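What follows is one structure encoded as structure tokens, with my remarks underneath.
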Amino acid sequence: MRDRAILDSAKRLFYERGYDGVGVDEIGAVSGVTGPAIYRHFTGKEEILATLFDEAMDRLLVLSGSPMEDPDEDLRSLARAHSEFALEDRELLSIYAREERSLTEAHRRRLHRRQRQFAERWREALRRVNTAASEKELTSMTYALIGLLLSVAHWPREALATDDLSNLLVELIARAAHPT
């Protein structure tokens, strides 16, 4: 329970002021523990950030699920899960999009391995929908569509005010994935 309070406090602070603008003592104060007490739960601020990244990837990988029989429905399901995550937890997504450089090399390598696993799930879904696409095209499509969803973290409020925005994002992705 204390770990969760620390992670939630760190997420809010990292979102508001950036990783470099936040100290361990501040995270402790906001989460209700002393700065030194954080070290009973995490080795330091960098491990807190790495844990937040792991949580983001865990959620994305779980939400991705197993491929469905129908390729179009599979892609829509994948896009819906990712878009709902992006819209529900913009703070975490924003940190994820801008703070990777703050990770140590070991944590960055683990993150990249998990990102490749996630991208491969997208690539396979796209391959099934667009059978004529080359591997290079599928790779570009994968990162373009994931990038679209990641960009939600930085949209202005008026762009987020669209009714049923998640469904709009799913439709944009479904249209973009099909061959012309």
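Small disclaimer: the values here were computed from a predicted structure and weren't measured. When reading the values below, keep in mind they use all heavy atoms of this one structure, side chains included, and skip hydrogens, waters and symmetry mates.
A salt bridge does not link Glu73 with Arg128: every distance from a Lys NZ or Arg NE/NH1/NH2 to an Asp or Glu carboxylate oxygen is 4.0 Å or more.
Considering every non-hydrogen atom in both Pro71 and Val129, the closest pair reads O-CG2, 3.5 Å. Closest non-hydrogen pair, Ala50 versus His107, comes out as CB-CD2, 3.3 Å. Closest non-hydrogen pair, Leu52 versus Leu7, comes out as CD2-O, 3.8 Å. Closest of all the heavy-atom pairs between Leu103 and Leu111 is CD1-CD2, 3.8 Å. Counting all heavy atoms, side chain and backbone alike, Leu149 lies closest to Leu93 at O-CD2, 3.7 Å. For the residue pair Leu78 and Ala125, the shortest heavy atom distance occurs at CD2-CB, 3.9 Å.
Contact check for His178 versus Asn130: no side-chain heavy atoms found under the 4.5 Å cut-off. Annotation: side chain of Leu138 is not in contact with side chain of Trp122 (no heavy-atom distance under 4.5 Å). Under the 4.5 Å side-chain criterion, counting only non-hydrogen atoms from C-beta, Glu124 is not in contact with Pro67. Side-chain atoms of Leu172 and Leu145, non-hydrogen and from C-beta on, never get closer than 4.5 Å to each other. Side chains of Asp25 and Pro36 form a contact here, defined as non-hydrogen atoms less than 4.5 Å apart. Contact of the Tyr19 side chain with the Arg98 side chain is not registered, since no non-hydrogen atoms from C-beta on lie closer than 4.5 Å. Using a 4.5 Å heavy-atom threshold, the side chains of Met57 and Phe118 count as touching.
Screening residues 126-176 for ring-ring contact (aromatic ring centres under 6.0 Å, His included), with sequence neighbours left out, gives no hits. Residue pairs that meet the salt bridge (charged side-chain N to carboxylate O under 4.0 Å, His left out) test with at least one member in residues 134-159, sequence neighbours left out, are Arg127-Glu135.
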**OP:** Please test Arg121 against Asp74 for salt bridge (Lys or Arg N to Asp or Glu O under 4.0 Å), starting from the C-alpha separation and ending with a verdict.
**Re:** CA-CA 10 Å; Arg121 172 69 175 94; Asp74 183 45; 2.7 Å; yes

Subject >> salt bridge (Lys or Arg N to Asp or Glu O under 4.0 Å) evaluation trace for Glu47 with Lys45 >> reply: CA-CA 5 Å; Glu47 185 185 11; Lys45 187 171 80 163; over 6 Å; no

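With sequence neighbours left out, the salt bridge (Lys or Arg N to Asp or Glu O under 4.0 Å) criterion links Glu171 to Arg76. The side chain to side chain contact (heavy atoms under 4.5 Å, CB included) check on Arg12 picks up Glu16, Val30, Glu91, with sequence neighbours excluded. Residues satisfying the salt bridge (Lys or Arg N to Asp or Glu O under 4.0 Å) criterion with Arg59, sequence neighbours excluded, are Asp89. Partners of Arg40 under the side chain to side chain contact (heavy atoms under 4.5 Å, CB included) rule, at least two apart in sequence or in another chain, are Ala37. Every residue two or more places apart in sequence or in another chain that forms a side chain to side chain donor-acceptor pair (under 3.5 Å) with Tyr96 is listed here: Gln115. Take His41 and apply the side chain to side chain donor-acceptor pair (under 3.5 Å) test, not counting sequence neighbours, and it matches Asp3. Residues that satisfy the salt bridge (Lys or Arg N to Asp or Glu O under 4.0 Å) test with Asp72, not counting sequence neighbours, are absent from this structure. Under the side chain to side chain donor-acceptor pair (under 3.5 Å) criterion, Gln117 pairs with no residue at all, not counting sequence neighbours. Every residue meeting the side chain to side chain donor-acceptor pair (under 3.5 Å) condition with Arg110, not counting sequence neighbours, appears here in chain and number order: Asp54.
Rounding to the nearest 0.5 Å places OG of Ser31 at 9.5 Å from CG of Asp8. One distance of note links CE of Met141 with CD1 of Ile146; it measures 11.5 Å at 0.5 Å rounding. Of the inter-residue distances, the one linking Phe53 atom CZ with Arg108 atom CZ reads 9.5 Å to the nearest 0.5 angstrom. Here CG of Leu13 is found 13.0 Å from OH of Tyr15. Values are rounded to the nearest 0.5 Å. To the nearest 0.5 Å, atom OG of residue Ser77 and atom CG of residue Asp70 are 11.0 Å apart. One finds the CZ atom of Arg116 at 14.5 Å from the OG1 atom of Thr142 (value rounded to the nearest 0.5 Å).
With Ile48 as reference, Ile38 is the one residue of Ile38, Thr43, Val24 to meet the side-chain contact (heavy atoms from CB on, under 4.5 Å) rule.
Put simply, the side chain of Glu99 never gets that close to the backbone of Gly18: no donor and acceptor are under 3.5 Å apart.
The cluster map of Ile, Leu, Val, Met, Phe, Trp and Tyr, joined by side-chain heavy atoms under 4.5 Å apart, puts Val170 and Leu63 in different clusters. Tracing side-chain contacts under 4.5 Å through hydrophobic residues (I, L, V, M, F, W, Y), one never reaches Leu60 starting from Met68; they form parts of separate clusters.
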Could you give the side-chain donor-acceptor pairs of residues 159-167 under 3.5 Å, partners two or more places apart or in another chain?
unit_1	atom_1	unit_2	atom_2	d
Ser166	OG	Ser83	OG	2.8
Asn167	OD1	Arg80	NH2	3.4

